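Just so we're on the same page: letters track the sequence lines, and every chain starts at 1. The figures here come from the full heavy-atom set of this structure, side chains too, leaving out hydrogens, waters and symmetry mates. These numbers were taken from a predicted model, which means no experiment stands behind them.
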Amino acid sequence: MITPFSRMKAFAAEPTVGKSTVYPQLRRVRNSGRPNLARGVLIAIVLIYVTALIVVPVMALFPKAFSNGIGASWDAITSINALLALRLTFILAVAAVVVNTIFGIVLAMVMVRQNFWGKRFVNGIIDLPFVVSPVIVGFMFLVLFGRGGWLAPTADFIGIKVAFSWPGMMLATIFVSLPFVCRELMPVLKEMGIEHEQAAYTLGATRWQTFWRVTLPGVRRALLYGITLTFARAMGEFGAILIVGGAIAGKTETSTLFIFRSLDNRQYVAAYSTALILALISFVVLASLELVKRKQRE
Amino acid sequence: MITHTRHQREFRGLMAGRWNAGGLRGVAIIYLAFMIVIPLSAVANEGLKDGLGNFWSDLHRFGAMGALRLTLWTAALMTVINVIMGTLTAYVIVRYQFPGKAILNALIDLPIAIPTLVTGLMIVILLGPQETLGGWLGDHGIDIVFAWPAIILALLFITFPLVVRAVQPVLEELEVDQEEAAYSLGASPWQTFRYVVLPALLPAITSGGLLTFARALGEFGSIVIVAGNIPGKTLTAPVHILGEIEGGFPRSASAMSLVLLTLSFSLIILLDWLNTRRKIERDDNSV
Amino acid sequence: MSVLVKNLVKKFGAFGAVNGASFEIKEGDLAALLGPSGAGKSTILRVIAGLEKPDSGLVQLDGVDASNLSPQKRGVGFVFQNYALFKHMTIANNIAFGLAVRKTPKKETEDRVKELLNLVKLEGYGNHYPSQLSGGQRQRVALARALAPRPKVMLLDEPFGALDAQVRQELREWIRRLHDEVHVTSIFVTHDQEEALEISDRIVVLNKGLVEQIGTPKELYDHPATAFVASFIGPVNMLRGEAARGMATVGGGMKFELPGSGSQTDGSVAVFIRPYDFDLSRSRNAGASVQAKIQRVMTIGGNVKLNLSLNDGHTIEVQVGRDYFETLLVGPGDDVWVTPKVVKVFSQEGEAKS
């Protein structure tokens with residue numbers, strides 16, 4: 001199983017605590033590090049690498065987005081197609097969050113609390129969306145619902161159009177963001193154990209009451225973390241929805257697809273400004289992740 | 001430990017009788033089947049429906065093999081860099097105290113939140129041939145954007161958190177004592193890292209590296225923007241699939257998809273196996 | 001190798017862990033750094049090992065200033081509280097580590113590892129991993145590993161801290177025997193006075209980052225230099241009172257003559273009396289005799305421990321021989337008279353007055 005992100009960074013900013021000492025003042029981060037030169041060089045390498053790889057490119061976006069003045073950028077991002085795209089982006093992301101939160105909780109409960117044949121295989125399946133190429137994701141829903149697809153008759157029967165339409169995009173978005181909630185919840189659920197739940201049962205709580213009042217509050221931080229990651233991943237999806245949705249302006253075009261089309265049409269200000277909006281949303285997401293992380297540590 | 005497991009097992013039995021555990025499991029499995037297994041099978045079916053011979057010739061259509069090769073070697077090279085820099089970053093963050101550490105620690109997560117398409121765009125803005133920096137580099141014979149270095153760069157950006165965040169918790173668990181013990185026994189900092197720290201981190205580094213590689217194989221949004229997509233030169237496998245879909249060759253697109261899927265799935269299985277082994281070892285070693 | 005620590009200061013942020021400690025350990029001694037949590041014991045040990053850089057002060061090893069030597073070059077063996085064994089290496093490789101990094105020839109390393117496995121009674125465990133060993137065994141591996149490169153000083157941080165009571169006792173005696181065998185200068189940190197008294201040649205008592213007293217266990221026990229040492233080492237009753245005109249008066253009207261009367265300043269004092277330094281009788285006798293009521297009687301083997309309450313509400317603990325106690329024919333609720341035989345009086349600043 002892939003280690004969930006919130007796990008990966010628990011206590012990340014905390015210095016390592018020497019076990020032998022009781023006083024918080026005595027927390028040790030290798031201050032014994034003799035070769036101060038080497039230490040300085042290592043820190044410098046990392047800082048330079050991160051700055052060059054992450055900070056500089058992000059910063060480069062700002063001047064470009066406003067290269068024709070703020071007015072032009074404003075016009076570009078408030079054009080009807082840009083706004084429709086942003087709306088679709090949010091609708092898809094919210095839908096992915098809702099579906100994957102519900103099923104993520106179910107999946108996590110089943111994977112942690114039950115033993116069944118083929119569990120390890122199922123466990124591997126859950127990780128697949130992390131690594132399947134978005135292009136393949138879009139394509140497989142096209143194959144499934146397109147002409148001659150296995151589920152095309154069913155969709156026709158119900159009367160919804162999946163391929164080259166928003167339901168297909170929604171499926172693709174749900175697919176790519178599927179693992180996050182489940183993966184964040186699993187270790188916390190495992191750690192929490194079943195004693196609390198059993199205590200609730202002995203106190204007369206029903207299954208449902210126990211879930212709402214004991215289990216869910218116990219994992220709420222991890223859940224929040226998972227939801228944030230789900231949202232971020234869903235919002236940023238591009239390849240899968242490009243293929244399954246067909247990127248029809250004003251209809252099946254999300255913000256990322258809008259950027260892509262604007263680039264093709266050499267409408268750079270529109271592309272860069274929208275990219276900036278998405279980057280800013282990412283910052284907000286990142287900030288909320290940090291916030292949840294801090295809370296977790298308290 | 002043993003009693004706890006037995007405890008849980010009893011509870012599971014209890015639960016099964018008490019409420020509909022099977023129903024919940026059914027919901028979970030049907031969801032996974034509908035969302036993941038059936039769509040993937042559809043692609044596999046599409047790729048193989050006209051027999052292995054056609055599958056094989058699809059894979060040898062113009063540019064296909066070149067795209068696959070490009071994807072594999074860029075991913076491999078990038079993984080090596082990411083493993084080294086990711087491990088170093090994790091080490092510096094866990095073991096050293098310096099100004100700006102909290103910001104650095106937060107920045108590492110940024111690539112998770114930024115859409116990959118935007119990542120590609122940022123790289124083009126910075127290093128594109130018409131831009132100041134990119135132009136200057138181009139004048140000196142270094143082409144980055146619309147060439148393979150941009151692919152490496154984009155992949156490094158996107159996968160940066162994967163190794164760092166895999167190594168970090170293991171390093172935190174590894175007591176500073178062990179390093180100090182090595183020092184007091186006369187080991188140099190390099191010997192200490194090589195013989196004490198690295199072996200302890202190796203499983204985490206390996207799984208971070210595998211995840212990096214698997215993630216890189218499928219990357220599309222950033223690469224389609226930065227690579228230039230010249231068939232046979234800077235066109236990667238996912239972009240090749242897009243081309244085949246748009247060109248009306250779904251069977252060929254499926255064939256390449258099938259190759260990538262097989263690779264991804266094998267990597268995931270390998271990762272799962274490694275992590276399970278690691279967990280067992282760690283339980284053994286817990287004092 | 002002798003170890004000299006001079007005016008050592010080490011602060012962690014605003015917290016002064018060591019505030020100017022000085023002491024010397026002679027060649028071949030087994031010495032204890034004894035003190036409560038937060039006294040700075042471990043920090044001093046880590047400074048001696050070079051794992052921590054002092055803010056100021058000096059560490060000399062064999063008369064040579066070692067302040068600027070890296071831990072690698074100090075020739076010290078360090079045993080960590082949690083052993084810090086390399087989990088991914090076998091026991092043999094753990095022990096061989098210090099030799100391997102010095103590029104010692106293979107044959108020599110193998111012999112040394114064998115020798116040490118014998119020394120710590122772990123023959124046949126060479127191919128095991130640390131996780132397969134018990135706590136006491138791990139502790140012995142940690143010792144063997146530190147001993148392998150033939151250090152001139154052994155430093156042990158709370159060596160028995162993580163073990164259960166019985167293993168602790170065994171290992172304690174074993175370490176003393178080991179020390180007499182290998183005879184390398186050793187310093188260990190402990191907060192357990194019993195441990196320190198039992199096995200060390202010399203004890204350095206630390207409190208709040210300062211040395212309170214240095215001496216042999218007997219010296220510390222019989223002649224504590226400060227109120228802290230008196231209260232920290234061995235069971236003791238502490239009574240507060242006033243000194244005036246050469247006399248100290250404490251709880252219940254006990255009066256003591258202060259030696260060299262007139263030279264001391266008057267003021268509040270603390271009086272320390274060991275539980276077995278009391279005479280007990282049914283009637284009043286001369287000197288500082290004072291009345292007390294028996295609250296509880298605990299018979300422990302040949303001795304009897306009594307909790308007595310003085311008429312000012314203080315409780316003292318008194319220990320007498322069981323045979324003698326039985327001749328008194330008293331029990332809980334009865335009144336008895338107690339007379340301190342040996343007392344230690346300290347002024348409020350903690351300086352010894354008698």
Side-chain angles (χ1 to χ4, degrees), chain A residues 1-3 5 8-9 11-13 15-16 28-30 35 39 42-43 46 49-50 53-54 57-58 60-61 64 103 106-107 110 114-116 124-125 127-128 131-136 139-141 143-144 150 175 178 194 207 232 236 238-239 243 256 259 275 278-279 282 285-286 289-290, chain B residues 11-12 19 21 24-25 27-28 31-32 35-36 39-40 42-43 46 85 88-89 92 95-98 102 104-107 109-110 113-118 121-123 125-126 156-157 165-166 168-169 172 176 189 211 214-215 218 220-221 238 241-242 245 253 257 260 264 268-269 272 275:
Chain A
M1 173 184 116
I2 293 167
T3 319
F5 288 107
M8 289 179 171
K9 63 196 95 153
F11 305 107
T16 310
R28 299 191 334 244
V29 183
R30 266 210 30 223
R39 180 195 134 108
L42 291 184
I43 294 175
V46 167
Y49 182 76
V50 173
L53 186 69
I54 298 177
V58 172
L61 195 54
K64 273 288 172 181
F103 285 101
V106 172
L107 273 173
V110 169
Q114 297 186 20
N115 251 339
F116 51 92
I125 296 273
D127 283 334
L128 266 181
V131 292
V132 172
S133 179
V135 182
I136 301 177
F139 178 53
M140 68 189 194
F141 284 110
V143 171
L144 202 56
W150 290 346
F175 179 96
L178 187 141
I194 47 172
R207 207 49 234 191
F238 164 65
I243 289 165
T256 47
I259 296 172
L278 291 186
S282 308
V285 167
L286 188 67
L289 287 180
E290 277 293 305
Chain B
F11 177 69
R12 281 197 197 101
W19 79 308
L24 200 62
R25 189 192 314 161
V27 170
Y31 179 64
L32 287 181
M35 281 308 300
I36 303 181
L40 288 176
V43 171
E46 177 78 19
M85 291 313 295
L88 180 61
T89 306
V92 163
R95 289 289 193 256
Y96 297 145
Q97 205 62 278
F98 53 93
L104 174 66
N105 199 32
L107 270 178
D109 293 335
L110 195 59
I114 288 192
T116 59
L117 178 81
V118 176
L121 198 59
M122 292 185 315
I123 290 173
I125 286 176
L126 192 68
L156 281 175
F157 183 103
R165 296 310 190 202
Q168 211 172 334
E172 270 158 14
V176 188
L211 195 58
R215 177 77 182 73
F220 171 73
I241 296 174
L242 175 74
I245 298 168
S257 299
L260 287 186
S264 310
I268 285 283
I269 298 280
D272 183 61
N275 283 342

### Query
What distance separates A:Leu61 CG from B:Leu121 CG, expressed to the nearest 0.5 Å?
6.5 Å
### Message
Which atoms of A:Phe175 are under 4.5 Å from chain B, going by heavy atoms: the side chain, the backbone, both sets, or neither?
### Response
both
### Task
Looking only at non-hydrogen atoms, find the nearest pair between A:Ser133 and B:Gly218 and report the distance.
OG-O, 2.7 Å
### Query
Counting heavy-atom pairs under 4.5 Å to chain A, which of B:Leu117, B:Val43, B:Val92 comes out on top?
B:Leu117
### Message
With rounding to the nearest 0.5 angstrom, report the CD1 to CG distance, B:Ile268 to A:Leu128.
### Response
6.0 Å
## Note on the structure
Separation between CE (A:Met140) and CD1 (B:Ile36), nearest 0.5 Å, reads 7.5 Å
### Query
Got a second to check how far B:Leu107's CG is from A:Leu286's CG, nearest 0.5 Å?
7.5 Å
### Query
Among all residues two or more places apart in sequence or in another chain, which pass the side chain to side chain donor-acceptor pair (under 3.5 Å) test with B:Thr89?
none
### Query
Most heavy-atom pairs under 4.5 angstrom with chain B, which of A:Val132, A:Ile243, A:Leu178?
A:Leu178
#### Entry: Chi angles and distances behind the side-chain contact (heavy atoms from CB on, under 4.5 Å) call for A:Val110, B:Val27
CA-CA 10 Å; A:Val110 169; B:Val27 170; over 6 Å; no
#### Entry: Structural part of B:Leu88 lying under 4.5 Å from a heavy atom of chain A
both
### Query
After noting the C-alpha distance and the side-chain angles of A:Tyr49 and B:Leu156, does the key distance pass the side-chain contact (heavy atoms from CB on, under 4.5 Å) rule?
CA-CA 11 Å; A:Tyr49 182 76; B:Leu156 281 175; 3.7 Å; yes
## Note on the structure
Closest non-hydrogen atoms of B:Ala113 and A:Val285, given as atom of the first, atom of the second and distance, are CB-CG1, 4.2 Å
### Options B:Gly221, B:Ala214, B:Pro39, ranked by heavy-atom pairs under 4.5 Å with chain A, top entry
B:Pro39
## Note on the structure
Ranked by heavy-atom pairs below 4.5 Å to chain A, first place among B:Ile123, B:Val118, B:Ile269, B:Leu260 goes to B:Val118
### Message
Only pairs of heavy atoms separated by less than 4.5 Å count here; which of B:Arg215, B:Met35, B:Glu46 has the most with chain A?
### Response
B:Met35
### Message
Checking A:Thr256 now: which residues fulfil side chain to side chain donor-acceptor pair (under 3.5 Å) with it, not counting sequence neighbours?
### Response
A:Thr254
### Summary
Under 4.5 Å to a heavy atom of chain A? For B:Ile245 that would be side chain
### Message
Are A:Phe139 and B:Ser257 packed together at the side-chain level, in the sense that at least one heavy-atom pair is separated by less than 4.5 angstrom?
### Response
yes
#### Entry: Residue B:Tyr31 versus chain A: region with a heavy atom under 4.5 Å
side chain
### Query
Between CG of A:Leu42 and CZ of B:Phe98, what distance do you get to the nearest 0.5 Å?
10.5 Å
### Task
Identify the heavy atoms of A:Asn115 and B:Arg25 that sit nearest to each other, and give their distance.
O-NH2, 4.2 Å
### Message
Can you tell me which residue among A:Ile54, A:Ile43, A:Val50 is in a side chain to side chain contact (heavy atoms under 4.5 Å, CB included) with B:Leu104?
### Response
A:Val50
#### Entry: B:Ala28 versus A:Leu107, closest heavy-atom pair with distance
CB-CD2, 3.7 Å
### Query
What distance separates B:Leu242 CG from A:Ile136 CD1, expressed to the nearest 0.5 Å?
12.0 Å
